[in-house]
Amino acid sequence: MSIRVTSDDLNPRPTKRLRHNSFDASRSCSATKTLEIRTSSSPISPPSLQMTTPTTLRRIPADTLLLSLPTFLIHPSTHPMHLQSLALARHALRRCLTLSSLEPIKECRAWTGIAELGMMWLDTGASGLALGEVEQALTKALTISQRHPTLRLYTPHLTVLSARLAHRHQKNSKFAISSLRRLLATITSKSTHLIPLHVIFGVHLELIHCLACVAEEEAATSSTLSMGVGAAMGKCLVAIQAMRSAAEGLEPVGQPNIVVLLSTVIKLQLLVRHGVWASVGDALVEAETAFEAFDSTIRSTSSPSANVQELAPTSNEIVVPTINPVPGTLRTHLLMLSVLFHTYAGDAQAASTRLKSLHELLDTGILESPSGIAQIDPLEGWSQGIIEIPFPSSSNLAWTPPLRIRTTPPRVLHSLAFLLSAVAKRDAVGRAPKKGVFARAGLELRELVGPFGGTGDGIRLARIKADLMCELISISIMRSDFPLSQSTLDTLTSYLRTHALFDMYAARVTLFHAQLAHARGETERARRCYSVAAFVAGEGRGGEMDEWVKCAARAGEVWVRIGQLRQSSDVSREGEWEELRGGLDEEKDGKSEMDELRKEGEKVAKECEGRGAALRAVGQLLKACLAEEILKGKQHLRRALDLATSAQDNHLRALILALSASHYLHTAREHALTMLGTCGQLAAGLGAVPRDKGVSRSGSRGATGERGERVEVRDKLGEKGKEKGGVSVSVSVSGNVPLSLWVGERMVDLWRLEGDVGKAEGQEKINERMRGVIEARRRGTGLG
């Protein structure tokens with residue numbers, strides 16, 4: 001069916017803009033076509049297409065074609081044909097070198113390409129390529145670049161490749177560092193205006209990387225964890241300061257300088273990684289000051305009128321404003337490091353403020369939009385964490401190439417943000433603790449590495465997922481959710497074995513088994529697991545020793561031994577006198593065991609002093625329990641309570657309050673009742689479940705299962721207790737039931753001393769129910 005359009009049509013179609021191709025005959029030799037947009041005068045006239053066939057095609061020279069082939073042949077590092085593509089690209093460059101009358105620049109490019117391909121091959125760890133071939137290519141390329149002054153820009157790049165080869169594959173870090181230092185002194189002495197800035201700062205970063213790796217090796221070979229700055233670490237800090245000084249001297253002075261921000265973040269990350277916490281605080285203040293100065297400079301150099309003119313469209317095209325995301329990426333790293341430091345120091349308020357800023361920054365999508373990033377390969381670009389740091393244009397060059405660096409990929413940063421949030425949130429009390437919320441959200445986040453992801457992204461994400469499982473296990477143990485703890489622990493073990501990470505997490509998994517057994521009251525199993533965890537962490541099964549896990553395991557073992565010693569003494573006191581005829585000998589044995597335990601506890605408490613606020617509080621608790629004087633014990637408990645309160649660690653705070661109340665039961669009853677009441681509320685909150693939408697606040701309908709039974713018992717006994725003049729303290733059997741039972745028993749003793757029989761009887765009924773819950777848990781039968 002055809003439609004005819006005539007001139008007498010009453011409803012003609014509107015005029016459309018038609019596209020025509022026009023060809024300039026004067027440029028036929030170049031075989032190019034020009035697109036031209038015109039508006040047709042007649043709506044029914046078809047567009048005239050002028051197609052021409054180029055008369056001649058320029059033949060690509062063989063050397064140019066062979067030099068360009070590696071760009072199209074090389075596959076990403078995670079591609080299954082990656083090695084084959086490297087071999088084919090190397091063969092093309094070898095074929096180029098066999099051509100006659102090859103120009104020096106092309107010969108230098110070919111040898112440099114062979115060296116780069118050889119480094120890529122060696123980095124994969126595959127066999128089939130000798131180091132001698134890479135050394136030969138580097139030597140040939142360096143000889144040609146030094147022979148021809150026009151090829152002087154190849155010399156810094158080739159020297160960096162040579163240093164990288166010596167450091168990574170020949171284990172000769174001394175030669176690599178010395179060669180980089182000589183190169184840096186050469187290019188910054190007299191010919192700074194001849195060497196691009198991205199080359200100079202690239203050499204700075206390579207030198208810092210080599211020194212940082214040497215510092216890593218020095219820290220790994222040391223027998224104990226060093227809290228100070230070693231020799232290699234000091235040299236690395238000097239190199240970072242040299243890069244910052246060079247960046248501050250760039251012209252024009254006073255302009256926004258991203259290299260200064262990069263140097264401060266590198267310094268801060270290096271100090272945190274090596275555990276030099278005494279210097280992290282000053283470095284953090286320095287970095288935050290540098291970012292504030294950068295922001296103020298940006299605000300002062302940009303005016304509202306200039307922004308409006310820049311964003312105003314000059315035609316019908318859509319103008320998209322470009323934003324440089326490099327400061328946002330560096331700011332993300334700075335906020336993560338600051339949250340980690342303040343969490344380590346036990347300052348929960350400062351950590352929470354910076355964590356809020358981190359989430360606000362990530363919600364803006366600064367890591368998801370590569371706007372402002374130009375000329376980056378999509379396979380190895382923004383998604384892989386490659387960013388560009390621009391430089392101001394110099395007087396000699398119309399355009400200064402930017403510095404391209406590889407940072408943490410955005411997909412890893414997003415997963416790491418959930419892990420950091422779970423670690424920073426220490427409070428386990430409440431119906432939905434944020435620690436568990438962030439841990440579950442991080443596990444549900446599916447940030448899978450695609451077929452073109454980086455080689456290390458899969459390992460990073462696997463370790464982050466394992467750490468999130470560890471956080472979920474810890475919050476489950478603290479909240480006495482033993483079924484979830486056991487199931488998550490089994491899932492973690494299976495996951496670690498699947499991804500070949502079990503040796504790295506063996507000590508931590510054993511520590512979780514010990515803590516779970518300790519919470520269940522299985523003291524013998526807990527003691528054995530604590531001992532095994534300390535041994536595995538001290539031996540370094542995963543390639544590095546975990547001093548924190550070792551210290552925590554030893555502290556847990558001392559706790560179990562203190563409890564066992566106290567239980568044995570209580571049993572001896574309750575026995576008949578005929579069974580204690582050898583009481584003097586047993587008393588001597590008990591004193592000798594206590595002296596031995598006191599010495600061991602003092603060693604563990606001393607180790608806890610330099611490892612963060614959490615372990616420092618644990619060390620103060622050990623000193624308080626092992627102190628021979630009551631006054632010293634109270635002082636240690638006061639310090640521990642200050643640390644736990646500042647860190648918002650209510651799980652540890654409940655234990656400290658219970659131990660503190662025991663010192664005032666006979667001297668200050670009102671004070672003891674206040675502390676016991678607070679401790680009971682915290683203990684009950686370590687297991688509160690979210691309310692169902694159909695359940696009122698009075699709790700008339702309990703949930704199903706173990707937790708639902710506990711809510712129902714709380715309501716019934718609470719009403720009875722109120723009828724008899726009871727109080728609302730410790731009237732539930734949810735949360736940490738053993739601690740609640742201990743608080744209830746102390747409450748009964750205090751009320752009987754005061755003569756309040758009604759309160760004592762009401763609390764005694766609740767205590768009986770809690771004893772039944774504890775016994776049911778030990779049998780593993782639950783409450784049903």
Scan residues 65-80 for pairs that pass salt bridge (charged side-chain N to carboxylate O under 4.0 Å, His left out), counting only residues two or more places apart or in two chains.
none
For residues 257-266, which residue pairs qualify under salt bridge (charged side-chain N to carboxylate O under 4.0 Å, His left out), counting only residues two or more places apart or in two chains?
none
Would you give the length of the straight line joining atom OG of S263 to atom CG of L330, rounded to the nearest 0.5 angstrom?
10.0 Å
Report the distance from atom CG of L419 to atom NZ of K465, rounding to the nearest 0.5 Å.
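Between atom CG of L419 and atom NZ of K465 there are 13.5 Å.
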Side chains of [X] and [Y] in contact at under 4.5 Å (non-hydrogen atoms):
X    : Y    : value
V199 : H157 : no
L262 : I266 : yes
L461 : V412 : yes
H82  : M120 : yes
I389 : P402 : no
L205 : L403 : yes
L501 : R463 : yes
L207 : L184 : yes

Is a salt bridge present between K140 and E107, judged by a nitrogen-to-oxygen distance below 4.0 Å?
no
Indicate yes or no: does R331 engage D295 in a salt bridge with an N to O separation below 4.0 Å.
yes
Whether over 12 other heavy atoms sit under 6.0 Å from L153 CG:
yes
Quick check on R94: does its CZ atom have over 12 non-hydrogen neighbours (other residues, nucleotides or ligands) under 6.0 Å away?
yes
Shortest non-hydrogen contact from [X] toward [Y]:
X    : Y    : result
L129 : G118 : CD2-CA, 3.5 Å
A283 : L271 : CB-CD1, 3.6 Å
S173 : H167 : OG-ND1, 3.1 Å
S145 : L151 : CB-O, 3.5 Å
L97  : I114 : CD1-CD1, 3.6 Å
S179 : T159 : O-CG2, 4.2 Å

Would E116 and R164 count as a salt bridge (charged side-chain N to carboxylate O under 4.0 Å, His left out) if you check the C-alpha gap in whole Å, the side-chain angles of each, and the deciding distance to 0.1 Å?
CA-CA 11 Å; E116 292 174 347; R164 195 175 300 170; over 6 Å; no
Just checking H499 against Y495, ring centres under 6.0 Å apart?
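So the answer is yes for these two rings.
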Is there a donor-acceptor pair closer than 3.5 Å between any side-chain N or O of [X] and the backbone N or O of [Y]?
X    : Y    : value
N257 : A247 : yes
S85  : H75  : yes
T143 : T139 : yes

Go through the steps to decide whether I387 and R404 satisfy the test side chain to side chain contact (heavy atoms under 4.5 Å, CB included), and finish with yes or no.
CA-CA 6 Å; I387 60 178; R404 297 183 63 187; over 6 Å; no
As a quick check of understanding, evaluate side chain to side chain contact (heavy atoms under 4.5 Å, CB included) for V160 and L183, giving each step before the final call.
CA-CA 9 Å; V160 169; L183 174 63; 4.2 Å; yes
What verdict does the salt bridge (charged side-chain N to carboxylate O under 4.0 Å, His left out) test give for R95 and D63, after you've listed the backbone C-alpha separation in whole Å, the side-chain angles of each residue and the deciding distance to 0.1 Å?
CA-CA 9 Å; R95 186 69 178 272; D63 51 2; over 6 Å; no
Can you list the steps and then say if L122 with R168 is a side chain to side chain contact (heavy atoms under 4.5 Å, CB included)?
CA-CA 9 Å; L122 294 175; R168 292 184 182 180; over 6 Å; no
Checking L93 against L66 for the side chain to side chain contact (heavy atoms under 4.5 Å, CB included) test, could you report, in this order, the C-alpha distance in whole Å, the side-chain angles of both residues, the deciding distance, and whether it holds?
CA-CA 6 Å; L93 295 179; L66 292 173; 6.0 Å; no
Looking just at side-chain N and O atoms, do H198 and E388 make a donor-acceptor pair shorter than 3.5 Å?
no
If the plane angle is over 60° it's perpendicular, under 30° parallel, otherwise tilted; pick one for F391 and F201.
parallel
